[in-house]
Amino acid sequence: MVTTHNLGFPRIGARRELKFALESYWKGKSSREQLVAIGAGLRQQNWEAQHRLDYLPVGDFSYYDQMLDMSFTLGNLPERVRDYGGDTLDNYFRVARGRSAESAGADASCTCGVVAGEMTKWFDTNYHFIVPEFTDDTEFNLDATRLLDQIREAKSHGVDIKPVLIGPVTYLALGKDKDNSNKLTLLPKVLRAYGQLLEQIAVEGIEWVQVDEPILVAELRPEWQAAFMTAYQELETDKVKLLLTTYFGKLIDNLSLVASLPVAGVHLDAINAQCEVELLIAALPVNRVVSLGVINGRNIWKTDLVELLDWLEPIACELGDRLWLAPSCSLLHVPVDLDSEEKIDAEIKRWLAFAKQKLEELDVIKAALEGGRESVRAELESNQSAITSRRQSSRVNNPAVRQAIASIDAQFGNRSSVYADRAAKQAEILDLPKFPTTTIGSFPQTSDIRRARRHFKAGKIDEAAYLAAMETEIARCVREQEALGLDVLVHGEAERNDMVEYFGEQLDGYAFTDFGWVQSYGSRCVKPPILFGDISRPNPMTVQWIKYAQSLTDKPMKGMLTGPVTILNWSFVRDDQPRSESCKQLALAIREEVLDLENSGVRIIQIDEAALREGLPLRQSEWSEYLDWAVESFRIAANGVADETQIHTHMCYSEFNDIIEAIAEMDADVITIETSRSDMELLDAFKDFMYPNGIGPGVYDIHSPNIPNEQHILDLMEKAAERIPVERLWVNPDCGLKTRQWEEVIPALSNLISAAKQLRSRLSPCG
Ligand code: GLN
Ligand code: ZN
C-alpha cells in the first residue's frame, strides 16, 4: 500500500474566483457572508478535485496568506492592530493590506487604516508572504478557530484529511525582529502555543499533521539547528503524528538533523533533492514514514511516469507501507486546471499538467506501484506518447539556435573599450547636461490604452486601429516629456501589457495560457508565459515603435527592452535543459534586437533586469554559479554594440551589497535603481565598491501616490553626490510610471527636472 497526499492546493480558484470575491469585498460591494460563502465553495471544490488522495490538505486555504494565517492562529498580532474592535477577518485584512474592507458608504479615508505588514518572497518562488513581527515581549495566544472550523467542515464532506501548519522554526526564522530583539528567545513560548494547537487538533480525531519546515533547505546556523531539536522534542506527542515537511531544495548539512528528529514521518522534495532520497532513507529509523515529492509542484510539465516508475519501484519495494507520495511542494505555485485552456496549441497542451492533472499523475503512479504497470497501461501509454512528442518536436528543437549558441565566443559579451573611453565618445554624441534626467520606461497605462487592447484582443477593432491608438499614446507621451524638458526620452511602453509577456509573444519557443494564473500575493496573480522550446526572434520586436517615437523629437529616445534573466525568471521554464541554457538563448534573441535598434539609429538602449536578484538560489554557496551565467547572459544581450551606443540597465530593488560585483561585471554604461525609500543609503554599496559606471538613483517613489517636492529630490541627490562622483549621476524615478496617473506624474517629474537644474547651477554658476 502506497499512501498519497497533497501538501496544498491553489486557493485562488480556476477562474480566480477568490481574487474577485476579495476585491469586491474590500471595495464594499459585497458582504462578508458572500466572501465567506465563496471561500467555502472553493474549499469544497478543491477537496473534490483531490478526492482520490488518501489524505487531503486542510488549512491550506487562506483568504490572503498562509503565514499571516499562522500569525493569527498563534495570536501574534502586530501591536498596532491589537486593540481593534471590529471582526477578526477585517483585522486580518488590516494587517495584510493596511486597511479593512471599506463598507459601502463609509469614508475611504477613515482612520481604520494602519501600516500594512511587510511582504517578502516565499523562498525562491514568486509568492509573497506577510512577515511575522517579533519583539522581546511577544506573547502568543492560541486561537485555532480558523483551522478547527476547516477541519470540521472537511469532515462534514466526508474526506480524509491532514491539517497543514507552518512549523514553529520556519515561522520564527522567517519573521522579523523589531527593536533588535532576538526572536530565538521566543522559542519556548511559541512551542507552548504549538503544543496546545496539536492537542486541539488531536481532539478532532486527526491522525496526521503536516508541519512545513521549508527553512530546512536553507543554510542554518548552529543555534537554529539546535532549535529544531528542541522544538520537535518538545512537540513529540502520542496524540497525533507529525509529518515534517521540507521542500524547494536539498537538505545537505541538515539531512542528519532531519533524520534524528522525533517525528513520525519526513517529506522530501524528490524533484530538487532526488539525490538525497537514498541518504535520507538510510538515515531514518525504520519506523518512520518517508514521503517523497515526486511530481514537480513548481512547473507545468507532464511527468515522465515511466522514468519515474523505473526509479521508484525499487524504493517502493524497500519501503513498503512506509512510502508516501505527493507533489514536491504545495501546488499553490501552479495553475489549477489545464482543462480550462482552449486556445493553447493542442500539441503543446498535451505536454502540460496543472494542479489537477498533477494529482491524476500521482494516482496513476500509485496504481502502478500497487497493481503493476499493466493495471494502468493505457494511462502510461498516453503519458509516454506525450513525453515522446515533446522530446522530438521540431518546435522544441531548433538546430539553428543550437548552432548560434555553440558559436558564442569569449568576445561576445565584451564591449570593445573600457567604460571611460566609451563614456567620452557617448558624451560627445549625446551632448547631455550634467545630472541628465530620464524615466525608467513606462508612462501611465490609461484606461484608453487598456480599452484599445481589450477591444483589439476581442476583435472589436482591427490591427490598424489598434496600432493607431498606440501611436496616439506614444505621441502624447513624447509631447509631455518634451514639454517637461526631460533630457532622455522614452516612448512610454503603451503597447506593452507586461514587460515579459510582450517579448514572449513575439519570440518562437513561447506559449501562453488563458487561465494559467498563479497567486503572487493576496488577490494578486501572475500568468507566467511558458518557455517550451529553443528561443528565436523571427522579427524585430520593438524597433518600429522606438523609431516612430524618435521621429517625433530631436531629443535622444531610449530603446526599451527586458533582459534575458528577467524574462527567464518570470516564466515557466523548460525542465529538459538547464536554466542557464534557456537564458543564453534568450540573450541571443535580445542581442539581435539591440543590434537592430542600434542600426536604426537608436543611441541609448535600456535593458531591464528587474528580476535578476530574485533568481538567486536559496543557498548562498550556489550564488556565484547563478550570477556567473546571469551576468554572462546580460553581457551577451547588451555588449555587442559600438562604443558610441549607451547601454542602460534597470533594477528595481534596493539590496545590492552582496551582488555588487556581479552588477559591475554587467558593465552597463548606466544603471538606474530603486533608492528613494532607503534615503540613498544603499548607494553605500556602490561607493564602497567604487562602482565605476554611471548611476541613476531613484528619487521618486513610484509605489506611493505622494508627489515628491523639489527640495526632497534635491536632498536625496545631495546625499547621492556624497557617495558617487557627480559626473556619473543621473536623475530619475525609482521605476516605471505605468501604475501612476498623469496628474501625479507631471508635477513629480516637473519637480525632478527643476531639482536637476538647481544641481547644475550649483555645480557651475555660469552654466
Ligand atoms: N521599463 C519598465 C517600466 O518602466 C521597467 C519595469 C520594472 O522594472 N519592473 O515599466
Ligand atoms: Zn523597476
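Order of appearance sets the numbers: ligands from 1, and atoms from 1 within every ligand. Side chains included, hydrogens not; waters and symmetry mates left out as well; all remaining heavy atoms used.
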Novice: Is a side-chain donor-acceptor pair under 3.5 Å present for N539 with Q506?
Specialist: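 Looking only at side-chain atoms, N539 and Q506 do not form any donor-acceptor pair under 3.5 Å.
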Novice: Would you check ligand 1 and list the protein residues that come within less than 4.0 Å of it by any heavy atom, ordered by chain and number?
Specialist: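 Heavy-atom contacts below 4.0 Å: I440, G441, S442, E493, M499, M560, D608, A610, H650, C652, C735, G736.
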Novice: What orientation do F123 and F248 show, parallel under 30°, tilted 30 to 60°, or perpendicular over 60°?
Specialist: tilted
Novice: Please report whether the ring centroid of F435 lies less than 6.0 Å from that of W730.
Specialist: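 That pair fails the under 6.0 Å test.
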Novice: Please note down the angle at the Zn ion (ligand 2) between NE2 of H650 and SG of C652, to the nearest 10°.
Specialist: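 Reported to 10°, the angle equals 120°.
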Novice: Taking all non-hydrogen atoms of both residues, which atom of F512 and which atom of P529 are closest, and how far apart?
Specialist: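 Here F512 and P529 meet closest at CE2-CB, 3.4 Å.
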Novice: Indicate the ring-plane relationship of Y466 and F456, choosing parallel, tilted or perpendicular according to the 30° and 60° boundaries.
Specialist: parallel
Novice: Please name all residues satisfying side chain to side chain contact (heavy atoms under 4.5 Å, CB included) with A748, sequence neighbours left out, ordered by chain then number.
Specialist: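 So A748 forms a side chain to side chain contact (heavy atoms under 4.5 Å, CB included) with Y700, I707, P708.
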